[in-house]
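The structure appears right after this line, and notes come after that.
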Number of protein chains: 4
Amino acid sequence: MATSPGSRRRGRPPSSEGRDTREALLNAALALFARLGFAATTVRQIAAEVGVRDAAIYAHFPSKQAMYDVLFAEAGPPSWERLGLNPEVLAARTPAEVVPELVRRALDQWSTPRARLFGSFLLREGAGPSGLGRVYVGIEATLEHLAGLFAHWQNQGLIRGDVTARQLVWELFGPLQIPRFLFLHPDSTDVDIATCRRWTDDHVAFYLACTASPERPRP
Amino acid sequence: MATSPGSRRRGRPPSSEGRDTREALLNAALALFARLGFAATTVRQIAAEVGVRDAAIYAHFPSKQAMYDVLFAEAGPPSWERLGLNPEVLAARTPAEVVPELVRRALDQWSTPRARLFGSFLLREGAGPSGLGRVYVGIEATLEHLAGLFAHWQNQGLIRGDVTARQLVWELFGPLQIPRFLFLHPDSTDVDIATCRRWTDDHVAFYLACTASPERPRP
Amino acid sequence: MATSPGSRRRGRPPSSEGRDTREALLNAALALFARLGFAATTVRQIAAEVGVRDAAIYAHFPSKQAMYDVLFAEAGPPSWERLGLNPEVLAARTPAEVVPELVRRALDQWSTPRARLFGSFLLREGAGPSGLGRVYVGIEATLEHLAGLFAHWQNQGLIRGDVTARQLVWELFGPLQIPRFLFLHPDSTDVDIATCRRWTDDHVAFYLACTASPERPRP
Amino acid sequence: MATSPGSRRRGRPPSSEGRDTREALLNAALALFARLGFAATTVRQIAAEVGVRDAAIYAHFPSKQAMYDVLFAEAGPPSWERLGLNPEVLAARTPAEVVPELVRRALDQWSTPRARLFGSFLLREGAGPSGLGRVYVGIEATLEHLAGLFAHWQNQGLIRGDVTARQLVWELFGPLQIPRFLFLHPDSTDVDIATCRRWTDDHVAFYLACTASPERPRP
DNA sequence: TATGAATGAGCCTTCATTCAT
DNA sequence: GATGAATGAAGGCTCATTCAT
């Protein structure tokens, strides 16, 4: 992955090499922060991964911390909008149809290399307010976004009504987080990802069985 | 917490001071590793926390890494045995009675300062096989230990039988891990701990409602 | 000799200062290794001698050991070629003329500050295979280079023929080594060097008297 | 050679272990100083070689430097007296008989492990006044001791008279020093020692041939 | 006399960063 | 925009030594 450094001549490179050195540096930094942690990652490593010298970094970022900050800001909650799942549309269908798709899409997103990197990155850096806090924000956003949908289903009698809609969402997505972080990390193999999917499928089946409205749906 | 070093004179301290420096160093290291991560923790910090000079560490451990290794080896799965929950005894009671107690005890253990430290420590260091892997081992141990109990309840018709006992255990404890790591970290306040307990209680209530055998218990 | 460091500002020095830091570092290291030995020499001393901070060394060499290795590699046998003594040319002259000149040139070379430094350096570092071994290689090279010349003289009856030519060379140069290392060290004064020359002259006179062919030269 | 430390119980050992810990320490120190040099030798190494802990050294010597000083003081010139060669007695015999014996005895002494250690020790520590200076003192003592003998032979016409007796001694022993230090070091093998002896024998033969009085001995 | 535990100094090296080019 | 050479701070660790036992 790392271009061998030292082969580069000095001075400003032809602009054909593109302006994406900055992007490349960010990617390298993300990968290394996720794998090693911020403190254990050196600017030399980041630069080497991109094939430049460490001093070149300071043409793009004022400091190592600044790279971290940029990444941290990007590491926002997974956007449900980006998932193309419109609650209004979904409301017309039944939980048995929608829930598996919901989970599948979430898993697809969590499985992307970039998401796995961000996940490890957040997990590592600060159990307290910083890292896991960010995960929490993501969860809250999900709850917010989907609670309406589940409430609608409750009103229709398609899903049990004896707990809040928020909790229903949480009971669906909360249990997925452990397999997610356990199996979806930057070094995951295909086997890991498949294992994760199996755990997830089992949970979804259980969830649907549990939450199906106990009484028969009203006519 | 940190005794001020530098005041001590040169040689061996009089035994009247009677402190177990080795243990103290391990505790300080655990706290710092959990809070800052291994790489960001310096041996001088560890030593200062105990009130000795950094060089004194090397009379007890061959290296900083060795301290980590000792801690890592200690950070085993939470022993269910130590929880004083005997499956045979529990089998005589109903899930509605036992499950909340089970969870309460687990939470009690996870809430201890030491467990919170170890949790953060493991979370930080190595998402892949090392840190979270250890968490996974803990989960597996739990599944192993309690699956028999749940199977017994299934046989008695006290709990739904349409999923495996293992999954029943997982559906109980899996969802607790996120609130656990979210709210039970080394810097948790009482509010954090209370919040965690509330999430947990909600889940237990939901779980019991879901898993109660759908057919009425056999007479 | 040491430029005072610490006055320099942070970044790259303006090229107007135009110094070859790498060479300067090697020279300083050689002097210190010779005087104090490798282990007793600190990188800070080396750097200070050159007027830079110790960290600057690592822009030029990967380690202190690497500096040693470079010097050790350089400390090859004194090149007779460099002495400008061509055996073919010398063969036309008599031992009584050539031998004193040979010795004088060797002594001139051994007397240079750099040669004295290398001598002490080699002497210090490893009596066994490393240091003195290198001296031995130098001696062997000399024997090799000059044996032909002495054999030629033997054939002409200009020098005694009852020992091998190799031994004749050795009997000339071997005895010079003790005064050499005794008096030609990095701290030699002019008096030391003069003393060395006196011992040497005495030996040469003795050598010529001894090795003159005992029989009268053939007509 | 090193007893494994750590097996010793604490406190004062039974006096049966003898009072030679001090001697053992000195021997270990000599070996290490010779092999590694003073600076590169640690008190831990010395102690370990003897099977005690480093702190124990300070029950016998006030400092590492003190050990060095004791050794250095011992490293006196090889005593010709100890060789049992009485110049008066030798004077009654011819150079052709005495010289080979003289050299053989010197070589025997230089070949002892202890002498080899002291040799390397002196060679290493201070090319200038300290180490080689000591060697020089040894040489001077030899010259002093034997000059009378050679002068006697000169008077008898048994050996050439055109150089001073002092130089005759020097021309005999000076050339031996290089093979001595080259082949007689602490790690010498039997092959090394044999090689040294061969070089030496060649030199002695050459020396005798050279120094035999050119004129026929007076009747 | 020997040990374990501690100190203070210092060592080699690494790191993030700066600056002239 | 990128580089090489430099800095200052610090980091892990070793060393000689001290002291209570």
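Values below: all heavy atoms of this structure, side chains included; hydrogens, waters and symmetry mates excluded. Just so we're clear, the structure is a prediction, and the values are computed from it rather than from any experiment.
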Looking only at F:dC13, F:dA5, E:dC12, the nucleotide nearest the B:Ser63 side chain is F:dC13
Would you mind pulling out the nucleotide paired to E:dC12, Watson-Crick or G-U wobble, both distances under 3.5 Å?
F:dG11
Of the nucleotides F:dC15, F:dA6, F:dG11, which has the atom closest to the C:Thr21 side chain?
F:dA6
Starting at atom CD1 of D:Ile57, determine the distance to atom P of F:dC15, rounded to an integer number of angstrom.
13 Å
Atom OH of A:Tyr68 and atom P of E:dA16: how far apart are they, to the nearest Å?
15 Å
Which atom names give the shortest non-hydrogen contact between C:Ala40 and C:Gln45, and what distance separates them?
O-OE1, 3.6 Å
Using OP1 and OP2 only, check whether a side-chain N or O of D:Arg53 sits under 4.0 Å from E:dG4.
yes
When only distance counts, do a donor and an acceptor, one from the side chain of B:Asp54 and one from the base of F:dC13, lie under 3.5 Å apart?
yes
Rounded interatomic separation in angstrom, taking NZ from A:Lys64 and P from E:dT14
15 Å
I need the CG-P distance between A:Leu32 and E:dC15, as an integer number of Å.
12 Å
Who pairs with F:dT21 - Watson-Crick or G-U, where each distance is under 3.5 Å
E:dA2
Parallel, tilted or perpendicular, judged at 30° and 60°: which one describes the rings of C:Tyr68 and C:Phe72?
parallel
Here the distance between atom P of E:dA6 and atom CZ of B:Arg22, to the nearest Å, is 13 Å
Tell me which of A:Phe38 and C:Gln65 sits closer to the 5' end of DNA chain E, going by the nucleotide each one is nearest to.
C:Gln65
Given E:dC12, F:dA5, E:dT7, which nucleotide is nearest the side-chain atoms of A:Ala55?
F:dA5
With a 4.0 Å cutoff (strictly under), does any side-chain N or O of C:His60 reach OP1 or OP2 of F:dG4?
no
Earlier contact from the 5' end, DNA chain E, for A:Thr41 and C:Thr41:
C:Thr41
Can you check the A:Ile46 CD1 to E:dC15 C1' distance for me, whole Å?
12 Å
For a quick test of reading the model: is some side-chain N or O of D:Arg44 closer than 4.0 Å to OP1 or OP2 of F:dA16?
no
Look at the side chain of A:Tyr58 and decide which nucleotide, out of E:dT13, F:dA16, E:dT18, has an atom nearest to it.
E:dT18
Among side-chain atoms of D:Asp69 and D:Gln65, is any donor-acceptor pair under 3.5 angstrom?
yes
With DNA chain F as reference, determine whether D:Ala39 or A:Ala56 sits nearer its 5' end, using the nearest nucleotide of each.
A:Ala56
So, does C:Arg124 use its side chain to make a donor-acceptor pair with the main chain of C:Ala34 at under 3.5 Å?
yes
Of the options F:dG12, E:dC11, F:dT17, whose atoms approach the side-chain atoms of B:Val43 most closely?
F:dG12
Output the rounded distance in Å from CE (D:Met67) to P (F:dA16).
11 Å
Answer whether the closest heavy-atom distance between the side chains of C:Asn27 and C:Glu49 falls below 4.5 Å.
no
Here the pair of heavy atoms bringing D:Phe38 nearest to D:Lys64 is O-NZ, 3.0 Å
How many whole angstroms separate atom CG of A:Leu25 from atom P of E:dA16?
14 Å
